[in-house]
Amino acid sequence: GPSPKPKRSVRLTSARKHKNVPIDEFERLVAVLKSGNELDQLASLYLDCNIRIGLRPIEWQSVILKEKVLVVRCAKFTNDRGIAEFRGLDLEPVTVTPERRNFVRTVQRLSRRLGTAAEAAGGWPKLWSRIASRIARACRVLAIRRIALYTTRHIALATAKQIMVSVEVAALAGHAS
């Protein structure tokens, strides 16, 4: 018969990614980026918003804000793993600190700034690469483990699992189940 698969000595890429971050490290990272250049500030805004709503980076590319609902094209819909082609996220109940009272306006500003920056960068892939590089640089400066763009999604979904039922978490994530 066939030989059994050898055990992997090296973990796959996604298995090595940082899926949670101590809050003090995250806050220091956001603060360092916020005090940097325009791209650093955009990275800071992305991190700060996405830990609350958990979109995949690619999903930011097509978001539309309709009043207080963020309409998102589900990235996994085409391979039958998504809940629907689009999902709506009500931003009004999102928990934010008092200095960020108007989260809906903040998400709208992030969406606009991402679109403008993607155009200036020559496309979304280049923009995401640049933002990821700025975050990695800031992590090195702070001597903390690198945080990927997807880390914010993992944080948001882990938080949601603590306060929502599983069907709500799946809907937030855009998963079919």
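These numbers come from the heavy atoms of this one structure, side chains and all, not from hydrogens, waters or symmetry mates.
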Next item on the list: Begin from the C-alpha positions of Phe86 and Ile64 and carry the test side-chain contact (heavy atoms from CB on, under 4.5 Å) through to its verdict.
Entry: CA-CA 10 Å; Phe86 294 93; Ile64 298 167; 6.0 Å; no

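- A distance of 5.5 Å separates CG in Leu29 from CG in Leu47, rounded to the nearest 0.5 Å.
- Note that CH2 of Trp128 and CH2 of Trp60 are 8.0 Å apart. Values are rounded to the nearest 0.5 Å.
- The CD atom of Glu59 lies 10.0 Å from the CD atom of Gln61; values are rounded to the nearest 0.5 Å.
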Next item on the list: Could you walk me through whether Arg137 and Asp40 pass the side-chain contact (heavy atoms from CB on, under 4.5 Å) test, one step at a time?
Entry: CA-CA 10 Å; Arg137 180 204 53 81; Asp40 288 340; 3.2 Å; yes

Check: Would Leu89 and Leu55 satisfy side-chain contact (heavy atoms from CB on, under 4.5 Å), going step by step from the backbone distance to the final call?
Finding: CA-CA 10 Å; Leu89 304 176; Leu55 299 186; 3.7 Å; yes

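- Not a single donor-acceptor pair under 3.5 Å links the side chain of Ser111 to the backbone N or O of Val107.
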Next item on the list: Walk me through it: do Leu42 and Leu110 pass the test side-chain contact (heavy atoms from CB on, under 4.5 Å)?
Entry: CA-CA 7 Å; Leu42 182 57; Leu110 173 60; 3.8 Å; yes

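- Taking each heavy atom of Arg56 and Arg153 in turn, the nearest pair found is NH2-NH2, 3.0 Å.
- Around CD of Glu168, the count of heavy atoms belonging to other residues, nucleotides or ligands within 6.0 Å exceeds 12.
- Lys68 NZ to Arg105 CZ: the interatomic distance, rounded to the nearest 0.5 Å, is 9.0 Å.
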Checklist line | Stepwise salt bridge (charged side-chain N to carboxylate O under 4.0 Å, His left out) test for Arg73 and Glu85 | finding: CA-CA 6 Å; Arg73 178 181 295 276; Glu85 185 174 359; 2.7 Å; yes

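- Taking all atoms of both residues into account, the shortest heavy-atom contact from Lys66 to Val71 is CD-CG2, 4.1 Å.
- Leu114 and Leu127 make their closest contact through O-CD2, 3.4 Å (heavy atoms, listed as atom of the first residue, atom of the second, distance).
- With a 6.0 Å radius and a threshold of 12 heavy atoms from other residues, nucleotides or ligands, Leu142 has its CG atom above the threshold.
- In this structure a side-chain-to-backbone donor-acceptor pair under 3.5 Å is present from Thr151 to Ala148.
- Looking at every heavy atom in both residues, Cys49 comes nearest to Thr106 through SG-CG2, 3.6 Å.
- In this structure, Ser133 contributes its side chain and Ser129 its backbone to a donor-acceptor pair below 3.5 Å.
- Judged by distance alone, the side chain of Gln41 and the main-chain N or O of Ser35 form no donor-acceptor pair under 3.5 Å.
- Going from atom CZ of Arg28 over to atom CG of Leu33 covers 12.5 Å, rounded to the nearest 0.5 Å.
- A pairwise comparison of heavy atoms in Cys74 and Arg87 identifies SG-NH1, 3.4 Å as the closest pair.
- Arg52 CZ to Thr152 OG1: the interatomic distance, rounded to the nearest 0.5 Å, is 11.0 Å.
- Nearest heavy atom pair, residue Leu149 against residue Pro57, reads CB-CG, 3.8 Å.
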